[in-house]
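In what follows, residues are counted from 1 in the order of the sequence shown.
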Amino acid sequence: MADQSTRLKKRAEFLRVAAKGRKAPMPGLVLQALERGDADAARFGFTVTKKVGNSVVRNRVRRRLREVVRIMGRERALEGVDIVVIGRSGTRGRRFESLLADYRKALSKAGVKEGS
């Protein structure tokens, strides 16, 4: 996940995934996934609304979500998909193991297939 090309950065990219992608809400996060139809590495975007808290809290939530994706990336390689992970107020106090389970369930609920 360290490679900058695997990140969604522009607002238009986030909006495209939100409009056309599949949504999988979980207690700790919301995952939106959109198949791109290529064999390139998955691209990820992270967002947390101001409802969750001030900037310090939001950044902590975002860091936790990035770590979840990083750890799960070792377990499950994803290709040809854009994924947006949205932090919720429940993300803040949720146990890390529960966040990993939420992410795993959200991937299967959104129909994201494992890459080769």
Checklist entry - Just by modelled atom types, is the L34 backbone N or O under 3.5 Å from a matching donor or acceptor in the R16 side chain? => result no
Checklist entry - R88 side chain to V30 main-chain N or O, any donor-acceptor pair under 3.5 Å? => result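 The answer is no, because no donor-acceptor pair under 3.5 Å joins these two groups.
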Please report the shortest heavy-atom distance between [X] and [Y], naming the atom on each side.
{"X": "E67", "Y": "R70", "result": "OE2-NH2, 2.5 Å"}
{"X": "F14", "Y": "L8", "result": "CE1-O, 3.4 Å"}
{"X": "D102", "Y": "G28", "result": "OD2-N, 2.9 Å"}
{"X": "A33", "Y": "A110", "result": "CB-CB, 4.2 Å"}
{"X": "R104", "Y": "E75", "result": "NE-OE2, 3.2 Å"}
{"X": "K113", "Y": "E35", "result": "N-OE2, 4.3 Å"}

Next on the checklist: Using the rule side chain to side chain contact (heavy atoms under 4.5 Å, CB included), only one of V48, V61, I86, L65 pairs with L29; which is it?
Outcome noted: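 Among V48, V61, I86, L65, the one that satisfies the side chain to side chain contact (heavy atoms under 4.5 Å, CB included) with L29 is L65.
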According to a hydrophobic-cluster definition based on side-chain heavy atoms being under 4.5 Å apart (Ile, Leu, Val, Met, Phe, Trp, Tyr only), do [X] and [Y] belong together?
{"X": "I71", "Y": "Y103", "answer": "yes"}
{"X": "L100", "Y": "F46", "answer": "yes"}
{"X": "F96", "Y": "M72", "answer": "yes"}
{"X": "M26", "Y": "L107", "answer": "no"}

Checklist entry - Between atom NZ of K20 and atom CD of Q32, what is the distance when rounded to the nearest 0.5 Å? => result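 Reported to 0.5 Å precision, the distance equals 14.0 Å.
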Non-hydrogen side-chain atoms of [X] and [Y] separated by less than 4.5 Å:
{"X": "R60", "Y": "R92", "answer": "no"}
{"X": "V52", "Y": "T91", "answer": "no"}
{"X": "R62", "Y": "N59", "answer": "yes"}

Next on the checklist: Tell me which one of K10, R22, R43 satisfies salt bridge (Lys or Arg N to Asp or Glu O under 4.0 Å) with D82.
Outcome noted: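 Exactly one option meets the salt bridge (Lys or Arg N to Asp or Glu O under 4.0 Å) with D82, and it is R43.
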